[in-house]
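Single-structure report; data block below.
Atoms within a ligand are numbered from 1 in the order they appear, just like the ligands themselves.
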Amino acid sequence: MVVSGRKRDLAPGEVGRGDTADRLGVGPGADGMARRDFLQLGAVALAGSMAAPVETAAISGSTKAGESGTAGRQQQQGGPPSIDGLVDPAAIDAETWTEPWVWRPSDWPGQALELNVVAGENPGPSPSPGNRFASLFSYGGISPGPTIRMRGDETLRIKVRNLLGLSRFDTPIGPASDPADLPPDRYADVCRLIAERRGQKIPPDADPTACATFFFPEETALITRGPTRAGHLGGEVVNGQHGAHVTNLHTHGLHTEPNRNANGTEGDDVMLRIIPRADWEARQREAEPEARRLHAGERIGEADFEHRAGDVLRAAGRREGQPPRPQPPGTHWYHPHAHGSTHDQVSSGMAGFLVVEGDVDEAINEAMTGSRTPDPSLKTGPWDYRERLVFVQRVEVSAVDLDAGPGSRRRLVPPTAVNGVRPPAVMFVRPGAVERWRVLNGSVDGRGFKRFMVLEGQYIHENDQLWRVLPPEAEGGLRRLVPVTRQQVEEAKLPLHLLALDGITLVTIESGEAKHTIRDLSVRNAGTQHPIARPPREGEDPHRAMLRNIEDCFRDGEGISRCFNRPNEVFMWNAMRADVFFRAPAAAAGRVFTVFAQEVLVHTDNFQQRLQIAIHQQGRRRPDAPPQPSPFNPAPLDVVLAYIHVRGDPVEGGEFDVMSLRDRLPPVPPFLQPIGDDELRVSAAEAAARGVPAGSHRTRVISYSGWGSADFPLIEAPESFVRAHPELENRSWAVWDGAHIVLPPGTRSMAINSRFDLAVNGEPGAPRKFSHDDHTRPRVLAETAEEWALYNCSMMLWADTDTETDPQPGQYGAHYGSYPLSRAEGQARNARGSSFQITSKGSDHPFHIHINPMWVTRIEVPDENGRLHDILDGPVWLDTLIIPRNGGRAVFRTRFADYTGSWIHHCHILMHEDMGMMQRIDCGEDPAAADWNAKPRIASHGASGETVSAIYPPPSLEQMYRQNLGFEDPNPTTGQTYPGFEFDVPIR
Ligand SMILES: [Cu+2]
């Protein structure tokens, strides 16, 4: 492949570099990982070869280090994997299930849990038992961190010490392209430069664009010639990955002080930056006085946190003459949240459970064991009841540390760990036993969306395929593996009961009264078929069949319901928790079950695009050509989480009716009472202060938007812009193939628009990246409630990828001149000509808000014509929700109780957050300073989509395109306006 001087020959429908990354699941809009991670990954597989195609290396990397559940076993490529060494749960003597150690504040009155942040720059075999890989960053060398169990009226003290070294990585200032998405000639320059610096020789016939290596920002800066800022000077006023060694602590799900406590300890303040001591020392050597100053929010080396859980609804308490109430019980978690290093640190395994215990647990414990406070990890009582903590996380197993040395900046495809151990571990249960599992999806990238379920039988996921283990055919023979279809998975699911989502015990409204409840998950959409599980018709090509299945998911409301609401499973996006009851059938002695997490597949457009590419390639292939890689590469990231072996005598208690626990649950506390319309209505005084009609409601509309960089649409920069900004060559524009093309931004275009009420403001302007003092930040009034409508403008684009018939000046990689079309229109054109494909993809953004939970009334997925369909069975308390892509909408109500000050909302694909998809919220006590929008009407769960759209108008395709393509980065030192000129929306 010739790369210099002329356009790289990319066959129509052939995937460019960007798509390779995407196929690995480390690609653009949908995924949390940077492109350089993918390139590192190639480096591992290639072992230094510069000439081998990245695609091949990457795919073999995926197979070697992917999601297989049985590390270290021999694999046969292509056929069934070997059965040798696969655990036989029936043949082992002891449970291998493990959980992190537990810290209870009540055991250590007045003392703090100490969390030491450490790094292994060259993580080797793990010091933790059972862990195949050590974490790069961790709390004290283990992952996950210790489990905190506390009561809802206790105070939690934590000391965080940052033992990491100097933050070295320099951050680009202002416009900067993604180094992995430069045009081929520039990209080749980067590769040559890196090879030179490492003393490597590139063979003359090698394709330098296949350089499977890590991009060093310093070296890239030489190519793009942009200014940078030294790592130890970073600060939170920078978007993009930076400050790799700065840390802090967020208590996810806790309702607590968001800023400093009165006694000087820290609250849940993510603007806090605990900088390494080495950063501080380096700053003292800087000439600039500003650098030598300690900024507000910075702490050197350590910080002391204090969370008073029992301070809930104190204002209401004062009014009623009641003391503050305890924090409602719930399964929460903690993790670092320093802007710029959030993805790297959390995905490295820095996280732990934070369980608040209380009346709900006592009621269940008493019913199950006779004791209100049994040891939750011991099987007790007539049903062998116990709790299990299930922390599921895709772990970045080695150096994603931007500051780690060259030798250690490698990584494998992230394996999924369960409680820090590469699964599957084995649990033992007796027939009829009942367990409560607190499941946490701690994955923070775009491939973390999972369907959690338990399957009848033993399975392994290997060679990109799920296999069921069957007993030997003959005496003395080996167990056998048979491949399993998606429909067989649907049929193998065991019943589950749901107690809580995001740690919050379910609340339902019965005859006007709020009640805690438990949901029997077997009844939801029972008897329907999952569109994706439908087998090909007689003689139908399997790829075409699967493409039709995916399209059917979005065909209409019924397709969406059948696709998103499945029986006996929990759809868990990033950061989500689910408390479920599992009951071993009474007649199950000797049987094996599998705890399983299946990738969601409809949470991005990646899978649909891959199928389109595969079908197009099939159509073009010569009969004698070698077979193409599977379009399912990377295969769905399905993970076997654990095995259950049912053994021993049946439990004494007999068959237990889990739903009977519903009647034992305590009343819903005031903090979790659903937010009624009256709470959204403003008082006369408040209406007067804001100058709005009395009887109005407080509302707000916010949009999340952005594309990845690997498949950013190809657009040309106007000549006037290029002439006016020669300094931005290779930073925001480049010459390629005779055209002036706009370069994909290194921070991607992820951004937020908090002025997106199109009824108030028909032209909402560009979205904005995070800046602490951004004037567009929402201002809310303490002790009131608001209704928020969220839109997701991250959308798919379509283009003809046959550049012979549709020449596109400047086309390279996966960048095409692309158009916003409805899904239906794009699919119709794809059916007419397979070179017309999805070329830029949208992503469902998991929206998370700190401090207060959300009473979520609607999560609406657009069908192929853009009509919105609510996938919620009923309103639910959550602290993280998905805003579905392509113009999807979520609506919630939230109260700003107890705390004033500042906190944030952000995307929980944490790479998106680091890149600026985060916004500060101010909560104050002056009604005139609040900036909600007044509305005569508000939404409800039961309302039609059209009714809600009349209140909160949805964006047009054109408006969505504008939100994704342009953004403002208002940071005072590093900001930019992208792309920097007026652009037209391409229509075709
Ligand atoms: Cu996101």
Quiz item: According to the interplanar angle, ranging from 0 to 90°, do the rings of H906 and H908 count as parallel (below 30°), tilted (30 to 60°) or perpendicular (above 60°)?
Solution: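 It falls in the tilted class, 30° to 60°.
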
Quiz item: With sequence neighbours excluded, what pairs up with S818 under the side-chain hydrogen bond (donor to acceptor under 3.5 Å, both in side chains) test?
Solution: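 S818 satisfies side-chain hydrogen bond (donor to acceptor under 3.5 Å, both in side chains) with T839 only.
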
Practice problem: Without swapping roles, check the side chain of W877 against the backbone of A500 for a donor-acceptor pair under 3.5 Å. | Solution: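 No, because the side chain of W877 does not come within donor-acceptor range (under 3.5 Å) of the backbone of A500.
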
Quiz item: Who pairs with Y961 by ring pair (Phe, Tyr, Trp, His ring centres under 6.0 Å), at least two apart in sequence or on another chain?
Solution: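 Per chain and number, Y961 pairs via ring pair (Phe, Tyr, Trp, His ring centres under 6.0 Å) with W707.
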
Quiz item: So, H908 and the Cu ion (ligand 1): N/O/S under 2.8 Å, yes or no?
Solution: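 Within the cut-off used here (under 2.8 Å), H908 places no N, O or S atom near the Cu ion (ligand 1).
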
Practice problem: Would you mind naming the N, O or S atom of H912 nearest to the Cu ion (ligand 1)? | Solution: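 Result: ND1.
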
Practice problem: Please calculate the SG(C907)-the Cu ion (ligand 1)-ND1(H845) angle and round it to 10 degrees. | Solution: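 My answer is 130°, to the nearest 10°.
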
